[in-house]
Amino acid sequence: MCGIVGYVGHRDAVPYLLEGLHALEYRGYDSAGVAVRVDGALRVCRCEGRLSALESRIAAEGLTGSPGIGHTRWATHGEPSERNAHPHLDCNSRLAVVHNGIVENYADLRRRLVADGHHFSSETDTEVIPHLIEERLRRGVAARDAVREAMRELEGSFAVGILLADDSQCIFAARHGSPLVVGLGKEGNFIASDALAISRHVESVIYLEDGQVAEVTPQAVTVIDLEGREVKIEPRPLTVKAEEAEKAGFETFMLKEIHEQPRVLWSMIERHVDENGEINIDFGDLDSEFLRRLERIMVVACGTAFYAGLYGKLFLEHLTEIAVEADLGSEFRYRAPKFDQDTLIIAVSQSGETADTLASVRSAKSRGAPVFSICNVPMSTLARESDAVFYTQAGPEIGVASTKAFTAQLAALALFSLRVAEVRGELTAEDKNQLLTDLRRVPQAIHRVLLAKEHIAEIAEKHHSGPSALYLGRRFNYPVALEGALKNKEISYQHAEGYAAGEMKHGPIALISEYMPVVCICTRTADNLYEKMISNIKEVQARHGRIIAVATEGDRRVAELAEDVIYVPEVREEFSPMVNVVALQLLAYYAAHARGNDIDKPRNLAKSVTVE
Ligand code: AGP
């Protein structure tokens with residue numbers, strides 16, 4: 001996903017732009033650029049590759065100027081290159097544009113603009129934007145209206161930053177479908193794709209809504225809608241600080257975030273469960289009567305968040321009589337599921353900006369279904385479009401591969417399920433209190449897994465070089481098998497497949513050989529599920545598979561069958577995913593480390609996929 005930063009004020013824009021772009025690196029990118037105003041003209045500097053290359057180029061040119069805009073590009077239209085890097089200019093280099101999103105009708109627009117004499121220099125969809133503004137400026141349209149009218153011509157999703165050579169005291173921002181904030185600070189005002197990029201320099205922010213254009217000067221921000229009507233938006237105090245996004249001594253953000261999980265979960269339980277065991281969750285207008293009537297829940301999410309949603313489905317069904325299904329946001333949006341007023345949509349999303357999840361939510365809302373979202377980013381688009389929001393408050397998750405956000409989603413879904421079951425009379429006080437006591441054991445159990453990281457690193461170094469790995473789990477740990485495999489794929493680039501252990505005999509068993517590590521989640525259960533996992537391990541062993549088991553501390557049986565064992569503390573099976581997944585996060589982490597990969601910014605990946 002691309003990153004946008006802009007600054008307007010009395011100081012040199014370049015340092016602010018570079019600092020902001022560094023804070024947005026976690027979103028994933030393949031090229032970067034800035035544009036600043038210098039003596040009534042625009043100076044542009046762009047580079048393929050990392051920000052360090054851009055910084056070297058800027059230093060060599062001695063580039064300074066103000067106002068300015070900057071961009072990190074994650075290529076969608078046109079390969080990663082300097083020519084396709086943003087900012088993009090109009091014919092006479094009198095305005096520069098940076099963009100996040102996709103202009104779906106760019107081909108038609110480009111054809112018309114070329115026919116009208118405009119010349120293009122890149123393969124990007126973005127480049128139509130400066131020319132659309134330019135043709136209106138040529139007709140004498142005021143800048144604010146030229147921007148607004150150009151935005152009306154765009155189809156698709158966009159967040160746009162605009163810089164004009166003719167105006168030393170203004171930059172423009174426009175939003176439709178991709179997030180954009182305006183920051184108000186003492187040294188000037190800013191625009192950014194997320195507040196984290198400008199958090200050191202602003203006290204408050206304005207979250208633009210879809211279809212809004214902001215004219216930003218050092219003294220004021222004017223927001224209008226696409227009809228030109230002024231929109232009054234109260235700035236909100238900034239809630240995220242850059243310090244939270246520092247590595248705090250860890251070698252990578254991901255490792256720091258893996259280690260934050262005990263605190264994140266402990267804090268969540270403290271926030272939502274009082275000393276009397278009362279669970280407090282803000283259901284917004286979804287009152288107890290609605291929860292009691294509830295007959296159906298649909299969970300929609302993508303990627304790791306979907307695996308959390310799968311866990312939520314299993315736990316909700318375990319506790320209540322509600323029919324629960326979980327579906328991928330990228331598929332749900334094309335379905336025509338049957339809703340009624342007793343259907344609830346649960347949307348799970350760390351960023352709250354995932355296009356497929358948002359599209360599914362909007363589709364469901366258009367048919368009258370209320371939406372409860374579980375989200376980690378305050379005031380994100382999903383949060384603002386939901387009827388009620390459970391903020392996981394895990395803090396900024398910078399590593400592209402999700403870790404603390406995932407376990408926070410699991411814990412949030414567990415608390416949600418407990419509260420809903422209690423309201424519906426499907427959970428006795430005694431059972432609730434026992435479940436809460438067991439849930440409170442999870443943070444310390446995770447901490448114990450973290451202490452085993454050297455042992456896990458040794459296992460990872462032994463097994464990371466094979467072509468593929470298989471991850472097996474059952475019931476509440478089936479989603480963990482899926483998530484463990486995704487982590488391995490995402491950061492070590494070793495192919496991995498998560499599978500329901502019971503399904504192995506229906507096909508994947510053909511893959512078993514001494515070249516394939518098989519990760520078996522085989523922690524103890526109250527029923528005979530554990531024995532079924534032991535059988536799976538024996539089937540793999542009989543075919544010379546190399547078994548890495550996640551097992552309960554003290555379990556000697558598994559040690560006799562597996563080549564390597566990662567022991568985890570015993571917790572209630574329903575909550576074991578929050579603990580077991582940490583072993584698999586570390587396994588993937590050290591496999592990626594052994595391969596020398598860029599763990600925080602894996603190739604081809606973006607932190608939040610705001611395009612389809
Ligand atoms: C997780 O490691 C991945 N980065 C990715 O699957 C992510 O979970 C997915 O894109 C959903 O993102 P969201 O939670 O912000 O909606």
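Order of listing sets the numbers, starting from 1, for every ligand and every atom in it. Count residues from 1 along the sequence.
In this structure Phe283 satisfies the ring pair (Phe, Tyr, Trp, His ring centres under 6.0 Å) test together with Phe372, Phe416, sequence neighbours excluded. In this structure, the side chain to side chain donor-acceptor pair (under 3.5 Å) partners of Gln350, at least two apart in sequence or on a different chain, are Asn376. Qualifying ring pair (Phe, Tyr, Trp, His ring centres under 6.0 Å) partners for His259, counting only residues two or more places apart in sequence or in other chains: Phe250.
Taking the six-membered ring where tryptophan is involved, the planes of His318 and Phe476 are perpendicular, since the angle between them exceeds 60° and thus also 30°.
Using a 4.5 Å cut-off on side-chain heavy atoms (C-beta onward), Glu497 and Pro508 make no contact.
Relative to the six-membered ring of Tyr493, Arg603 meets both conditions, a distance below 6.0 Å and an angle of at most 45° to the axis.
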Between ligand 1 and the protein, which N/O pairs are shorter than 3.5 Å?
{"residue": "ligand 1", "atom": "2 (O)", "partner": "Thr304", "partner atom": "OG1", "Å": "3.3"}
{"residue": "ligand 1", "atom": "2 (O)", "partner": "Ser402", "partner atom": "N", "Å": "2.8"}
{"residue": "ligand 1", "atom": "2 (O)", "partner": "Lys487", "partner atom": "NZ", "Å": "2.9"}
{"residue": "ligand 1", "atom": "2 (O)", "partner": "Glu490", "partner atom": "OE1", "Å": "2.6"}
{"residue": "ligand 1", "atom": "2 (O)", "partner": "Glu490", "partner atom": "OE2", "Å": "3.0"}
{"residue": "ligand 1", "atom": "4 (N)", "partner": "Val400", "partner atom": "O", "Å": "2.9"}
{"residue": "ligand 1", "atom": "4 (N)", "partner": "Glu490", "partner atom": "OE2", "Å": "3.2"}
{"residue": "ligand 1", "atom": "6 (O)", "partner": "Thr304", "partner atom": "N", "Å": "3.3"}
{"residue": "ligand 1", "atom": "8 (O)", "partner": "Thr304", "partner atom": "N", "Å": "3.1"}
{"residue": "ligand 1", "atom": "12 (O)", "partner": "Thr354", "partner atom": "OG1", "Å": "3.4"}
{"residue": "ligand 1", "atom": "14 (O)", "partner": "Gln350", "partner atom": "N", "Å": "2.7"}
{"residue": "ligand 1", "atom": "15 (O)", "partner": "Ser351", "partner atom": "N", "Å": "2.9"}
{"residue": "ligand 1", "atom": "15 (O)", "partner": "Ser351", "partner atom": "OG", "Å": "2.7"}
{"residue": "ligand 1", "atom": "15 (O)", "partner": "Thr354", "partner atom": "OG1", "Å": "3.4"}
{"residue": "ligand 1", "atom": "16 (O)", "partner": "Ser349", "partner atom": "OG", "Å": "2.7"}
{"residue": "ligand 1", "atom": "16 (O)", "partner": "Thr354", "partner atom": "OG1", "Å": "2.5"}

